[in-house]
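Every chain is numbered from 1 and lettered A, B, ... according to where its sequence line falls, protein lines coming before strand lines.
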Amino acid sequence: MTTTTAPPVLAERGPIADQPRFDCRNAYVDTLADLARSDHRIVGVVNDSVGSSKLDAFKKAFPDRLINVGIAEQDMVGVAAGLANGGRIPFVSAASCFLTARALEQIKADVSYSDRNVKLCGMSPGVAYGELGPTHQSIEDIAWLRAIDNMTIVVPADPVETAAAMRWAAATEGPAFIRVSRMSVPAIFDESYTFVPGRATTVREGDDVTIISNGTVLWRALAAAEQLEAGGVSARVVSMPTVKPLDVDAVLAAARETRGIVTAEESTTAGGLGGAVAETVVAHHPTRVRILGFDAFQPTGSAGFLLDRAGMSPDGIAEAARSLL
Amino acid sequence: MTTTTAPPVLAERGPIADQPRFDCRNAYVDTLADLARSDHRIVGVVNDSVGSSKLDAFKKAFPDRLINVGIAEQDMVGVAAGLANGGRIPFVSAASCFLTARALEQIKADVSYSDRNVKLCGMSPGVAYGELGPTHQSIEDIAWLRAIDNMTIVVPADPVETAAAMRWAAATEGPAFIRVSRMSVPAIFDESYTFVPGRATTVREGDDVTIISNGTVLWRALAAAEQLEAGGVSARVVSMPTVKPLDVDAVLAAARETRGIVTAEESTTAGGLGGAVAETVVAHHPTRVRILGFDAFQPTGSAGFLLDRAGMSPDGIAEAARSLL
Amino acid sequence: MTALAPEHVTMPVLGRLSPHASRAEQVAHIAEAARQIRLQDLKLVHHAGAGHIGGDFSAIDVLATLYGAVLNVDPDHPDDPERDRFILSKGHVAGALYTTLAAFGFLPVEELATFLKPLSKLNGHPNRNYVRGVEANTGPLGHGLPIAVGHALSAKLDVSRRRTYVLTGDGELQEGSNWEAMMAASHHELDSLTVIVDRNRLQQGATTRETNDLDPLDAKAAAFGFAVVEVNGHDHGELLDVLSAVPFRPGKPTFVIAHTHKGHPISYMSNNVAWHHKVPDEAQLEQALAELDRLQAEQKHEEVARATGDERQR
Amino acid sequence: MTALAPEHVTMPVLGRLSPHASRAEQVAHIAEAARQIRLQDLKLVHHAGAGHIGGDFSAIDVLATLYGAVLNVDPDHPDDPERDRFILSKGHVAGALYTTLAAFGFLPVEELATFLKPLSKLNGHPNRNYVRGVEANTGPLGHGLPIAVGHALSAKLDVSRRRTYVLTGDGELQEGSNWEAMMAASHHELDSLTVIVDRNRLQQGATTRETNDLDPLDAKAAAFGFAVVEVNGHDHGELLDVLSAVPFRPGKPTFVIAHTHKGHPISYMSNNVAWHHKVPDEAQLEQALAELDRLQAEQKHEEVARATGDERQR
Ligand SMILES: Cc1ncc(C[n+]2csc(CCOP(=O)(O)OP(=O)(O)O)c2C)c(N)n1
Ligand SMILES: Cc1ncc(C[n+]2csc(CCOP(=O)(O)OP(=O)(O)O)c2C)c(N)n1
Ligand SMILES: [Mg+2]
Ligand SMILES: [Mg+2]
């Protein structure tokens, strides 16, 4: 299932770290408004946080179609399930920490098990709220949702992928969770990119070692690969936007064709993308995997600071890759 | 950290499947009453379900010390955190599905992150409520809690281990989660057993292949090993009551000393004990692992039926082990 | 106890009366439906060896009234977007719901014989993907009301006249999610929403009063912006009148406190917390079936007497 | 904007008056504490470039009253089992709490200079493992009240006279967990529990009325079994009188609706939802500091006038 062409946009540009950065929430709200214009079924559902989900413009354009339930996440997800019962396509926007922790049983029962056409958008996930502490850091969301049946989990890496994932979700019946990052990221994909759930993209070829990543960490993986290349190491970078279902073929190709895998994500080291990759390789082709992520509640600090500190600076990722050679 | 002596009680008896079976909830309530008699700080906290937690006797003995908050799991865990603030040691007893799904943010924030001395007892976990459907089946609880920092997760295999884990939890400051099974299981350990968190026990020696298991599936793993021995295969059975922290040494010994690992648990295949073992071996000693568990919402059926159906009958586990040779 | 088998499933399919039937005819039809549902449900629980008979029997009169004469639903078009929605929030009484759906043609009556069997579509809590007419997969308490609010919002957005009904337990109202939903319902002025509370004053382990008192429940609901109505939850006439007359206050959702007894009307079950999920044995089954028959005879007698009395008074 | 540095931390440690101080002396002490806390908090938020100044300023008078004269807590024995407990449920105003704790000796004032810095103990929501005097790690809304109920239950079990106070936002009361806890609190007759609601009628994005109306809040709390009291949440005298007189009805927990303004008393912030988590720029900082000084002068003036008036009337 893996596409093997690197996105053209990457080839022509300089170092990824030097590219301009974008807040994916803008792509999120623009796409949502666009979808809403062409499909009257689409509605937004929020828990007070209109502003932090950047939904003010959407609210202005569709005042009736942004449903604010107040600070009540359980009700928010139940209401979304009921809206879906009534034929609507709700995009639930809430800080990922509260959406997933507070409404987990509603996600399991009312959305996944009930197979409702609800799109859960986890805003400002991972350590985006770094200074606000562990209660607001949403590093567990991926592991939590991965344990639940019937839930596609998407972690887009840039604005283009965020928009593409949303368009796919709007067009596809069934439960989905999309992480919408707050931390600015460089553009990785160009407009030719098509999102296919469960499909990885090799964003950089390489055959010594593979880095599998997604979300806000993908550009860091690319920067690590640039460094590694300078040091004579050929690192493959696999973009894995869909954590569930995982692109098993892409993982096994990496396991077979390179000497080891580094996974790098803005998530816990227990049960996230790294866990999914580990479960896959031990089943079919045991390989060394270095799982980068957060292994504990994180201290105070900016998202970038915390990612670097956890070994996910470009240097840190490159070092992890080298340790596998 | 691994003890290598098989529990003596096992050696002298016939096939494990023929042994009398016990409901661990009885050991649970007896131990709780016993602890409460000697330590006035111990209290119970429940969400209406006094009977299904078998706490009627406890309630009779300590009417003031069984706090029933009503059907309100978020409040239940918050109240437990507040009781701990006031110097009490609350044992929260609730169906594991509701305790973990409904109160996950309270578990994360009020217990784990706040480092409160609260003992969470997940009653009737896994597929114990098989006929009641996925909403009542608690197959995700282990994966959910494993993603949260500062939470010891214990899945006892029999009444002796249930009691031992509770005594350890009562004596040790800090958050803990103990799964208390409803499905009857044969006794595996005798009174000489001591529970040490993070320590596995080799309950059967073997060097061809290893089965790592816990909870209601451990006796099935032992039965599988009996079968395998009859077929000339020497299977090691490692009891791993503590899913977190994992006994890394025991896992790596199995990876080094045998030809592959089967994990078998009453839990999801994504992110549970199997996931923890996979994450461990890929980091240090890549090995084949067959992860047995539930890979989807389960249909209606008794717990035994569902375990068998998911490949965790003694036959099924033995077959998985043979596939690694 | 024999295992549940096809011969234990004997209920006739009742269907709906013509909308032109008189109120008295409707009430009689609902009463007969409720009786048939109770007879069948007893056998299901007895033979399957599990179920929540207490809560079933406290809710069956409400269910029979809704499906028998109130809801705009049609078993031939179960997915009609303009249908009314009924959400059983107290999902543990799935047995009562399945039997009701079968009585009114949504579920083949024969399929009731698979209740709680391995791989059955009829597990202990309803699954909409398996059973026509089920609107939400409930079971964990406190989920139905938020879902109902979501549906009522969709109806409002669609400028549709379809209504939303949700039945909750009373113990269930201890879940805060309900109060979140009620606040949102009144804020959005969802007067097409009707919440029916099965006010049997018992929960799983004890009375609501002993556990976590809900009284004054009317004042709570009123303070959360609902128009509150109280009815005898076993009186089909009262239920029919109230449930078809909603909303009572334009712009306000309705909160119907249906006073009921768990296990009603079986003498040894009624208002007895032990029967939350106890299973009647052979003798208890026979007694319950006999009591239902005796009650029917008494009611007929009373009706005749009342009719005669009515005539005399004229 | 310069980064937060030690020179921005200038607040004196105020401590408590002797319990023999007159009410007027206590009120004056609280007023001065509140003023100092506001001055310091403004600088923290301005220089750190983040914080929730609107909610801080709406709560500071309550915080200053509790720590200044009501709570039985002692910075020298922060773990005394018999201390009163104060739980800040609206954890996003951690800046106000840290500053208050520093003003009353729980936290070295200098440490305020680390607010929101990398690896600081003072993150955007309080952590009890790092900061003496913090009773619960809050931040997600709707957690404090259940914890407070748990502590009040522990006091009841201990037959202790220690009290429990919890401060919630008003928008926060949309979380159902609060209503679960309130039901349990009144069921268990926890009259040592006092819930204070910071009733500023604004939440993150809009007014409570626009979002999900809470009114009639007094009727809601009363129906949930609380004794309800309303106070001006910026009047230190009223706050002192009410918060030290609880409980008002034996056997009932107390619900204090403290009417406040987000951003009070700064002209450009007060009652303006934009200031939920906006950061004052240099000019706004100067203006706010100046307004606080002017207000102090005016209040002194008024007091003198009142005192003079009082004398004339005699
Ligand atoms: C979230 C949740 N917690 C606990 C339960 C277990 N449970 C099933 S039924 C029940 C009692 C319900 O009482 P009530 O709502 O009064 O229903 P009824 O009396 O009509 O049976 C409980 C606690 C559950 N199903 N869901
Ligand atoms: C569970 C949860 N949902 C959402 C938020 C985000 N949030 C932080 S403050 C706030 C508004 C709070 O309003 P209110 O309780 O009225 O507090 P105040 O006006 O005093 O700031 C929101 C929605 C949160 N912290 N927790
Ligand atoms: Mg009830
Ligand atoms: Mg407010």
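Side chain of B:Asn68 to main chain of C:Thr211: no donor-acceptor pair is present (N/O by atom type, distance under 3.5 Å, no hydrogens or angles). Counting only distance, with no hydrogens or angles, the side chain of B:Asp48 and the backbone of C:Gly205 share a donor-acceptor pair below 3.5 Å. In terms of modelled atom types and a separation under 3.5 Å, the side chain of C:His125 and the main chain of B:Gly133 share no donor-acceptor contact.
The distance from the CG atom of B:Asp75 to the CG atom of C:Asn212 is 8.0 Å, given to the nearest 0.5 Å. For the atom pair B:Ser49 OG and C:Gln203 CD, the distance stands at 9.0 Å (nearest 0.5 Å). Interatomic distance, B:Phe305 CZ to C:Leu119 CG, rounded to the nearest 0.5 Å: 4.0 Å. The OH atom of C:Tyr130 sits 7.5 Å away from the OG1 atom of B:Thr300 when rounded to the nearest 0.5 Å. Between the CD1 atom of B:Ile71 and the CD atom of C:Gln204 there is a distance of 7.5 Å, given to the nearest 0.5 Å.
Here the shortest heavy-atom pairing between C:Pro140 and B:Arg102 reads CB-NH1, 4.3 Å.
There is no contact between C:Thr208 and chain B, counting heavy-atom distances below 4.5 Å. Only the backbone of C:Glu172 comes within less than 4.5 Å of a heavy atom of chain B; no side-chain atom from C-beta onward does. Residue B:Val46: no heavy atom, backbone or side chain, is found under 4.5 Å from chain C. For C:Lys121, no part lies near chain B; criterion is any non-hydrogen pair under 4.5 Å.
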Inset, instruction - Might you work through the side-chain contact (heavy atoms from CB on, under 4.5 Å) test for B:Glu73 and C:Glu175, ending with a clear yes or no? - result: CA-CA 8 Å; B:Glu73 292 74 16; C:Glu175 288 286 358; 2.5 Å; yes
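More than 12 heavy atoms of other residues, nucleotides or ligands lie within 6.0 Å of CD in C:Glu230, so this atom counts as buried by the packing criterion. The neighbour count for C:Arg132 CZ, taken as heavy atoms of other residues, nucleotides or ligands under 6.0 Å away, is above 12.
The closest side-chain heavy-atom distance from C:Asn123 to B:Glu131 is not below 4.5 Å.
Between chain C and the residues B:Ala72, B:Gly130, B:Gly51, the largest count of heavy-atom pairs under 4.5 Å involves B:Ala72.
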